[in-house]
Amino acid sequence: RAAGQSHTGTWSRAPTKDGWNVAIQFTNYNGDRLTTSFPVSRLDIEQATQEFGYTKAETDAILESCRGKCDQAEYDRRIMDFYRRKGLSVVHADNVWNLTVDMPTLVQRNTPRVRATAVEVDRISRERHYGSTDTIGAVLSMAQTGLTYFRPALEEDGKHILGLYVPPQVLGIGKGDCDSKTGLVASVLKNFSGARMIGIHVPDHYLMGIARVPQRGETYLQYAGEPY
């Protein structure tokens, strides 16, 4: 899981021409004390935040464009398409429609934006001769202990963000909650070939499962015939 409130690392940033150079010190699950340093682009943060979430003015505009012209089915099609473009999905459960973060889309869009972080993790892994377990542990530890736990508001600056910061934003400000950190971890790991992950949403929490043979004492679940 990429969440947690145990914050034993340090995060800092220094301004550069295109954004910031972020430095994070943290302890890997195997006990190694690690130091990372990588660029975070201001443009990447701006693009990631612009494409995610929505304002009331935007949804009101869709309603107004349909007034007297669309039936309910057409309005539903337009609003659903709008939410998808904004990185959101509508889930029907217990006879209620709920708006949630489309985590697969979030990860797909932001994987290239956190590639510099993945390159830095790969450098550390090669230097320390890490296998996949310790490499994954380094990314998880960086998010869990190197970044402050902070729960974003559902709405920020007039924009509905459903309590989530996008991956490059989490790196750029050094904080996020379990959903935000899960999106970051998955986006970083997606830069490594062969990484397969699933998102697991439970009440008031968000977990990430990584495809691998479970070790003794690890909690796992089966999805599509494979352990995560």
Side-chain angles (χ1 to χ4, degrees), residues 1-53 87 101 103 106-128 130 134-159 161-192 206 208:
R1 49 188 273 189
Q5 301 184 37
S6 175
H7 180 239
T8 58
T10 63
W11 169 94
S12 63
R13 72 178 189 180
T16 63
K17 178 182 177 182
D18 300 317
W20 301 271
N21 191 73
V22 170
I24 304 176
Q25 291 185 328
F26 60 96
T27 302
N28 197 354
Y29 285 111
N30 63 9
D32 289 347
R33 189 67 177 174
L34 303 177
T35 299
T36 60
S37 180
F38 47 84
V40 176
S41 164
R42 182 182 293 104
L43 180 61
D44 282 343
I45 294 177
E46 291 174 354
Q47 290 178 339
T49 54
Q50 287 172 3
E51 72 187 12
F52 176 74
V101 176
M103 192 62 73
L106 180 84
V107 172
Q108 180 184 31
R109 290 176 175 177
N110 288 283
T111 292
R113 294 175 178 142
V114 296
R115 185 160 292 140
T117 308
V119 169
E120 175 70 353
V121 171
D122 184 60
R123 178 191 66 79
I124 292 173
S125 297
R126 291 175 184 274
E127 287 182 356
R128 294 182 177 256
Y130 280 173
D134 287 334
T135 299
I136 292 170
V139 179
L140 290 169
S141 300
M142 180 185 69
Q144 184 172 15
T145 68
L147 301 170
T148 301
Y149 181 88
F150 175 81
R151 179 171 289 182
L154 295 175
E155 183 179 341
E156 200 169 90
D157 297 326
K159 189 175 189 180
I161 59 171
L162 278 65
L164 181 132
Y165 287 153
V166 291
Q169 182 182 18
V170 175
L171 292 173
I173 62 177
K175 61 184 180 181
D177 66 341
C178 56
D179 297 37
S180 306
K181 291 185 179 185
T182 294
L184 169 63
V185 168
S187 298
V188 172
L189 289 178
K190 202 66 177 175
N191 281 283
F192 293 85
Y206 200 93
M208 183 183 71

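If you read the sequence from its start, that first residue is 1, and numbering goes on from there.
For R33, there are no salt bridge (Lys or Arg N to Asp or Glu O under 4.0 Å) partners at least two apart in sequence or on another chain. Here R128 pairs with nothing under the side chain to side chain donor-acceptor pair (under 3.5 Å) rule; sequence neighbours left out.
No donor-acceptor distance shorter than 3.5 angstrom exists from the side chain of N28 to the backbone of G31, with no hydrogens or angles considered. A distance-only check finds a donor-acceptor pair linking the side chain of K159 to the backbone of T49 [under 3.5 Å]. Side-chain atoms of E120 come within 3.5 Å of backbone atoms of S37 as a donor-acceptor pair (strictly under, hydrogens ignored). The closest donor-acceptor contact from the side chain of D44 to the backbone of V40 lies at 3.5 Å or more, if one exists at all.
Between L43 atom CG and Q50 atom CD the span is 8.5 Å, to the nearest 0.5 Å.
Side-chain contact check for S125 and D134: no donor-acceptor pair (N or O, by modelled atom type) lies under 3.5 Å.
Electrostatic pairing of R113 and E51 counts as a salt bridge here, judged by a charged N lying under 4.0 Å from a carboxylate O. Salt bridge R126/D122: present, at least one basic N to carboxylate O contact under 4.0 Å.
Contact annotation: the side chain of Q144 approaches that of Y29 to within less than 4.5 Å [non-hydrogen atoms, C-beta and beyond]. A heavy-atom distance below 4.5 Å is found between the side chains of N110 and P168. Using a 4.5 Å heavy-atom threshold, the side chains of D32 and Y130 count as touching.
The side-chain contact (heavy atoms from CB on, under 4.5 Å) test with D179 is passed by exactly one of L162, V101, L184, L164: L164.
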Determine, stepwise, if the pair F38 / V121 fulfils side chain to side chain contact (heavy atoms under 4.5 Å, CB included). CA-CA 10 Å; F38 47 84; V121 171; over 6 Å; no
Test side chain to side chain contact (heavy atoms under 4.5 Å, CB included) applied to T36 and W11, step by step: CA-CA 10 Å; T36 60; W11 169 94; over 6 Å; no
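The local environment of CD in E155 is crowded, with over 12 non-hydrogen atoms from other residues, nucleotides or ligands closer than 6.0 Å.
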